[in-house]
Amino acid sequence: MPTHYFCDGDVAVLSIDNPPVNALSLEVRRGLMEGLNRAAGDAAVRALVITGANGSFPAGADIREIASGAAFEPPILLEVIARIESLGKPVVAAIEGVALGGGFELALACHARIAASGARVGLPEVKLGLIPGAGGTQRFTRLAGPQAALEVISTGEALAAARARALGVLDALADAPLPEAVAWARRLAKEGPVPLASEREEKITAVDPQLFSAWRAAHARKFKGQLAPWRIADAIEAACTRGRAEAFALERQYYLECRESPQRKALMHVFDAERAARKIEGVGPQVTPLPIRRAAVVGGGTMGAGIAVLFANADIPVTLLDVSTAALEAAMERIRSVYAQTLERGRLSRVQADAALRRICGTTDYASLGQVDIAIEAVFEDPALKRAVFEQLDRHLPAHAILATNTSTLDIDSLAQVTGRPQQVVGTHFFSPAHVMKLMENVRGTASAPQTLATVMALAKRLGKIPVMAGNCDGFIGNRMLLYYGVEAERLLEEGATPEQVDGVIEAFGFAMGPLAMRDLAGNDVGWAIRRNRTLPPDERWSPILQRMAEEGRLGRKSDQGFYRYEGGKRHQNPEALALIESVSRALGIERRAISDAEILARLLHPLVNEGAKILAEGIASRAGDIDVVYIHGYGFPAYKGGPMYWGLQEGLEKVIATMARLAPSHGARWAAAPRLVAAAARGTWD
Ligand code: 3H9
């Protein structure tokens with residue numbers, strides 16, 4: 001049975017037991033309804049506690065039930081909640097683990113909520129393209145006020161129990177929430193009822209009249225193109241401007257609208273893809289990851305410093321190695337500025353930041369790495385330098401330790417070869433800034449042992465990253481796909497487009513940043529240095545634009561100009577860059593022409609799908625979903641469009657092939673549809 005009913009004296013306890021996350025499936029809802037009715041009809045029961053078995057309150061509605069697209073079979077969650085509110089006896093929620101989505105909505109409908117101090121609660125529906133559909137926006141807003149509701153529900157952030165208590169959506173924290181909730185329920189039964197969250201106010205009145213317009217203006221860019229965050233704001237505004245019944249009905253209407261939207265479907269695909277990506281071929285649950293108690297990072301540049309911060313934040317002591325004390329001091333300065341920013345944004349307290357900083361120490365001597373379980377090399381992208389680092393690491397690290405490289409393109413096997421432990425060599429490719437970007441693209445070498453792979457996947461979870469396992473090839477999954485995307489962006493410039501136009505089109509599609517703004521961010525010298533290590537097929541050529549940018553010192557943000565001019569962090573048109581681009585067109589004998597936005601979009605997206613198909617065929621990615629996860633979390637592809645491979649399916653793979661065939665005659669061999677794409681089009685699926 002997915003629910004258990006038992007009595008503790010005059011208080012009935014209803015426990016939800018539906019592993020793995022106690023989702024509110026039909027059977028659970030039936031069990032809840034039965035339990036509520038039983039408690040209502042038993043005169044000896046004076047109050048009720050709802051809790052979750054297996055250490056957690058429910059994590060929400062059953063995602064598979066929503067994904068099926070069918071209407072929920074009754075009793076639906078709204079009916080269960082209505083029964084709680086009509087019970088006539090106090091109901092208290094006892095929360096351990098998480099209470100999320102519909103699970104937290106269930107708790108919000110109770111008379112009180114008692115949580116363990118380590119619990120996390122929230123309404124993450126927006127991450128699935130939904131809004132809370134069982135009164136969550138209304139009850140949360142009545143308890144915490146519209147400002148907090150906007151902030152928390154529009155981001156889907158899970159709140160630590162202490163913060164939730166401070167906001168008023170939890171009533172108390174307790175070491176043992178269940179007995180505390182039973183005592184609380186008994187007291188409510190004795191002292192008389194307290195108002196339910198939904199009864200607090202008919203409509204919330206003490207609201208700054210500018211709040212919603214100001215919030216919409218401030219978030220216009222962040223949520224551009226998305227449906228759910230705006231509907232969440234609409235529902236919260238309704239709690240402040242409409243009567244209770246009308247506002248609750250509006251929330252339901254918005255929820256149903258979101259549930260039917262393509263964005264909800266795309267985001268649920270992403271949810272599934274992220275979880276599928278954790279499962280790697282040849283590594284079953286019997287493989288135990290190596291425990292990581294201490295780590296080292298080699299190279300204290302932007303990436304190395306960021307990776308050291310990740311370890312420190314995950315409570316893993318880390319030694320940062322660099323060539324000189326001056327380099328180490330510069331690295332520590334970078335680390336301190338990351339913490340200063342984190343403090344400013346309120347993501348860590350001063351005490352937490354100081355404790356994390358104390359977990360980082362510096363050295364210039366490989367001999368002091370004798371205690372570490374993993375080292376991550378993050379030095380400049382130079383194969384000879386990296387090989388030298390690996391030789392040193394192999395000499396000084398304990399025999400069991402894993403040697404990982406943060407390379408974004410280089411061959412893992414050639415690094416493994418210089419060590420006596422190729423089975424413990426692996427790629428761990430982080431994205432910049434490492435403490436912000438969610439992706440960790442792990443790379444298996446030919447000799448990487450299952451335990452090595454399992455360790456870096458488990459490490460990703462500890463570091464708060466979303467991992468994908470890629471095969472070893474030039475650029476792995478992400479940068480390999482970026483190759484022709486970048487080639488195409490520069491060709492568009494040569495043919496007549498401007499950087500603003502190219503970036504503008506892809507940003508309007510939903511990418512966080514266009515390819516040229518991305519080049520400026522990474523540094524055009526860095527981009528050019530990486531390119532020199534890469535080769536194109538004989539019938540392809542690099543555009544000279546990037547090389548010219550690098551040679552002329554137009555390095556991007558760090559030199560205040562590249563494809564754009566930068567002033568106060570903002571990008572502006574750069575006439576000098578345009579002159580450079582036009583001179584390249586002239587030198588190549590290309591007559592510049594007006595290029596439509598539709599052509600730009602097609603030219604940028606199709607290479608991603610086609611290269612993705614090749615990556616799948618070669619086994620560099622195990623699933624199309626892995627590629628989507630890489631692109632969303634590492635390259636800014638809009639999650640609400642599901643990733644490039646999912647986009648291809650939505651566009652229609654036959655149509656993708658037809659568009660490629662149309663563009664192929666004028667744009668070369670790279671526009672030939674990959675056999676794996678043609679096969680997928682015939683089957684209508686990438687599987
Ligand atoms: C909602 O509630 C809408 C309401 O407002 C509407 C009411 C009308 N259902 O993530 P994990 C599976 S929308 C079904 O690897 P973790 C998951 O697929 C929902 N299954 O574990 C995986 O399966 P598998 C709002 C679910 O420890 C397994 O559980 N709620 C659900 O890293 C383990 O998951 C959310 O969006 C579900 N709701 O993290 C919360 N959730 O083993 C979504 C998970 O076959 N869930 N599964 O791959 C989470 O955030 C995380 O799963 C959680 C655990 C933090 C709970």
Side-chain angles (χ1 to χ4, degrees), residues 2 16 18-29 32 52 54-68 70-82 95-109 118-140 152-153 155-160 228 231-232 235 248-249 251-261 264-265 267-280 284-285 438 457-458 460-467 623 625 629 639:
I16 299 162
N18 183 26
V21 298
N22 291 335
L24 297 163
S25 64
L26 176 60
E27 287 307 309
V28 169
R29 300 194 302 272
L32 284 171
N54 320 306
S56 188
F57 209 74
D62 188 334
I63 286 174
R64 284 157 306 186
E65 209 175 344
I66 300 175
S68 76
F72 278 20
E73 251 189 75
I76 64 171
L77 187 57
L78 279 177
E79 291 164 325
V80 174
I81 282 175
I95 300 171
E96 278 188 293
V98 296
L100 298 174
F104 193 45
E105 291 181 291
L106 186 72
L108 287 170
R120 286 181 304 126
V121 301
L123 296 168
E125 282 87 345
V126 70
K127 296 184 182 170
L128 297 170
L130 287 169
I131 86 163
T137 62
Q138 303 304 301
R139 292 187 179 87
F140 193 109
V152 172
I153 310 177
T155 57
E157 173 197 5
L159 302 170
R231 287 293 180 253
I232 285 167
F248 271 81
E251 181 204 73
R252 184 74 187 160
Q253 181 189 318
Y254 298 146
Y255 164 78
L256 293 173
E257 179 191 359
C258 289
R259 201 182 72 179
E260 294 314 309
S261 75
R264 193 277 297 159
K265 291 175 192 146
L267 284 161
M268 282 201 175
H269 156 73
V270 177
F271 182 89
D272 286 342
E274 285 170 6
R275 275 143 194 88
R278 292 186 204 151
K279 297 173 183 127
I280 34 177
K438 281 279 173 204
M457 295 305 270
K461 190 161 188 184
R462 261 180 98 185
L463 300 182
K465 298 290 158 195
I466 296 173
R623 293 158 284 250
V629 173

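In what follows, residues are counted from 1 in the order of the sequence shown. The structure displayed is predicted, hence computed values, not measured ones. Whatever order the structure lists them in is the order used to number ligands and atoms, beginning at 1.
- By the 4.5 Å heavy-atom criterion applied to side chains, Leu106 and Leu32 are counted as neighbours.
- Under a 4.0 Å N-O distance rule, the pair Arg231/Glu257 qualifies as a salt bridge.
- Within the 3.5 Å criterion, the main-chain N or O of Thr137 finds a donor-acceptor partner in the side chain of Glu251.
- Between Arg120 and Glu96 there is no salt bridge, since no side-chain nitrogen of the basic residue lies less than 4.0 Å from a carboxylate oxygen of the acidic one.
- In this structure, the side chains of Val152 and Leu159 come closer than 4.5 Å at one or more pairs of heavy atoms.
- For the salt bridge (charged side-chain N to carboxylate O under 4.0 Å, His left out) test, no residue two or more places apart in sequence or in another chain qualifies with Arg252.
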Check each N or O atom of ligand 1 against all protein N or O atoms and list the pairs under 3.5 Å, with atom names and distances to 0.1 Å, one per line.
residue	atom	partner	partner atom	Å
ligand 1	2 (O)	Ala61	N	2.9
ligand 1	2 (O)	Gly102	N	2.8
ligand 1	5 (O)	Glu105	OE1	2.7
ligand 1	5 (O)	Glu125	OE2	2.6
ligand 1	5 (O)	Gly133	N	3.1
ligand 1	9 (N)	Ile63	N	2.9
ligand 1	10 (O)	Arg275	NE	2.7
ligand 1	10 (O)	Arg275	NH2	3.1
ligand 1	15 (O)	Arg278	NH1	2.6
ligand 1	30 (N)	Ala59	O	2.8
ligand 1	32 (O)	Lys461	NZ	2.9
ligand 1	38 (N)	Ala61	O	2.9
ligand 1	48 (O)	Lys279	NZ	3.0

